[in-house]
2 protein chains.
Amino acid sequence: MENVQEIVFDKLSEKDIKPSFHRIKVLEYLMVNKNHPTVEQIYSSLKKLFPTLSKATIYNSLNLFVEKGLVQPITIEETELRYDSTVESHGHFKCDCCGLIYDFDIDVDSVAFSGLDNFIINNKEVYFRGTCRKCASVNQ
Amino acid sequence: MENVQEIVFDKLSEKDIKPSFHRIKVLEYLMVNKNHPTVEQIYSSLKKLFPTLSKATIYNSLNLFVEKGLVQPITIEETELRYDSTVESHGHFKCDCCGLIYDFDIDVDSVAFSGLDNFIINNKEVYFRGTCRKCASVNQ
DNA sequence: TATAAATTTATAATGATTATAAATAAAAAT
DNA sequence: ATTTTTATTTATAATCATTATAAATTTATA
């Protein structure tokens with residue numbers, strides 16, 4: 001098993017982000033917790049480790065990460081943004097029952113579409129919604 | 001050309017929504033203005049017609065429409081929800097330059113994906129982002 | 001070590017949405 | 001037709017995520 005701290009450090013340096021203590025911890029949290037955490041979740045978890053932490057620092061760090069393309073914000077019918085440290089193309093499934101958001105594999109580039117001639121497409125996202133396996137098996 | 005009022009009236013009745021004056025006007029606005037308006041846009045436009053209008057009425061109506069499946073809320077990296085009276089499957093393209101959201105045709109059901117075995121999928125949405133034709137031609 | 005720059009903190013401000021209760025309008029009952 | 005009940009709309013306060021701002025702290029540089 002590789003050292004997460006080290007990977008985080010390299011990722012930040014790669015994108016010319018000064019690897020401050022807090023930034024390392026925020027990105028580390030995102031890479032360890034792949035469950036699309038909210039700002040609140042990140043904040044309350046890290047605050048246990050260093051109680052002087054300010055929520056503004058979480059926002060500062062995340063906004064910087066998004067700006068540099070290290071992290072992508074995802075929104076599915078929520079006002080509360082969630083963040084994903086995986087920027088490679090994949091789909092997001094939101095369970096209406098438990099609220100969890102799952103990643104799934106999808107080849108977005110293979111989808112046929114029309115009506116966007118001369119448009120410049122920088123980003124493609126796919127959102128599915130419904131009931132996840134776990135909830136479906138429990139509430140039947 | 002058919003009477004929009006009549007279509008709106010029928011759509012509401014179909015979904016067992018009592019067709020009050022305000023509800024008719026809100027849905028009519030959505031059907032005439034297919035540019036994914038925000039609550040603020042709907043509100044300020046209708047307020048010109050009847051100045052006693054309250055913004056809570058817009059929220060009440062829209063939430064009811066969404067609940068009944070008459071309208072779908074769409075969110076692309078925004079905290080401000082936008083609404084679309086077209087519930088048939090199609091993609092949304094958001095222009096990072098002018099902020100407009102365009103519909104485009106896409107056959108979501110033809111996309112191959114994996115990792116959602118035993119999941120119940122109720123809804124599929126595709127979001128593209130980039131620069132629209134108009135902005136691309138102006139800023140070159 | 002002193003100075004400058006960057007980062008973090010604390011707090012206030014903003015803005016979208018929801019909650020609540022009063023006011024009004026519509027429907028039903030007598 | 002009038003009262004009673006129910007539904008809808010209004011006005012306003014509350015909530016909550018996010019951003020802005022400035023002071024405090026830390027880090028880097030001279």
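Only heavy atoms go into these numbers, but all of them, side chains included; no hydrogens, no water, no symmetry mates. A note on names: the letters A, B, ... follow the listed sequences, proteins ahead of strands, and every chain is numbered from 1.
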Colleague: Once side-chain contact (heavy atoms from CB on, under 4.5 Å) is applied, do any residues pair with A:Ile121, and if so which ones, sequence neighbours excluded?
Modeller: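 Expected list: A:Phe113, A:Leu116, A:Lys124, B:Phe93, B:Phe128.
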
Colleague: Any salt bridge between A:Lys25 and A:Glu28, counting N to O under 4.0 Å?
Modeller: yes

Colleague: Can you check the B:Leu62 CG to C:dA16 P distance for me, whole Å?
Modeller: 15 Å

Colleague: Figure out the CD/P separation between A:Glu40 and D:dT15, and round it to whole Å.
Modeller: 16 Å

Colleague: Under 3.5 Å for both donor-acceptor distances, Watson-Crick or wobble: does D:dA30 have a partner, and if so which one?
Modeller: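 Because both required distances fall under 3.5 Å, D:dA30 counts as paired with C:dT1.
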
Colleague: With sequence neighbours excluded, what pairs up with A:Tyr43 under the ring-ring contact (aromatic ring centres under 6.0 Å, His included) test?
Modeller: none

Colleague: For B:Lys55, which residues count as a salt bridge (Lys or Arg N to Asp or Glu O under 4.0 Å) partner, sequence neighbours excluded?
Modeller: B:Glu40

Colleague: Taking only residues two or more places apart in sequence or in another chain, which ones pass side-chain contact (heavy atoms from CB on, under 4.5 Å) with B:Ser45?
Modeller: B:Tyr29

Colleague: At under 4.0 Å, does any side-chain N or O of A:Tyr59 touch on OP1 or OP2 of D:dT18?
Modeller: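 For A:Tyr59, the contact criterion (side-chain N or O under 4.0 Å from OP1 or OP2 of D:dT18) is met.
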
Colleague: Quick one: B:Lys55 NZ to D:dA11 P, roughly how many Å, whole number?
Modeller: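 For the pair B:Lys55 NZ and D:dA11 P, the rounded distance is 13 Å.
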
Colleague: Could you give the CD1-to-C1' distance, from A:Ile24 to D:dT27, as a whole number of Å?
Modeller: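 From A:Ile24 CD1 to D:dT27 C1': 14 Å.
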
Colleague: Tabulated below should be each protein N or O lying under 3.5 Å from an N or O of nucleotides 5-9 of chain D; please produce it.
Modeller:
{"unit_1": "D:dT8", "atom_1": "OP1", "unit_2": "B:Arg23", "atom_2": "NH1", "d": "2.8"}
{"unit_1": "D:dT8", "atom_1": "OP1", "unit_2": "B:Arg23", "atom_2": "NH2", "d": "3.4"}
{"unit_1": "D:dT9", "atom_1": "OP1", "unit_2": "B:Ser20", "atom_2": "OG", "d": "2.6"}
{"unit_1": "D:dT9", "atom_1": "OP1", "unit_2": "B:His22", "atom_2": "ND1", "d": "3.2"}

Colleague: What is the distance, to the nearest angstrom, from the CD1 atom on B:Ile58 to the C1' atom on C:dA16?
Modeller: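 B:Ile58 atom CD1 is separated from C:dA16 atom C1' by 14 Å.
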
Colleague: Of all residues at least two apart in sequence or in a different chain, which pass the side-chain contact (heavy atoms from CB on, under 4.5 Å) check with B:Ser20?
Modeller: B:His22, B:Arg23

Colleague: Round to the nearest Å and state the distance from A:Asn63 atom CG to C:dT7 atom P.
Modeller: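 Between P of C:dT7 and CG of A:Asn63: 14 Å.
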
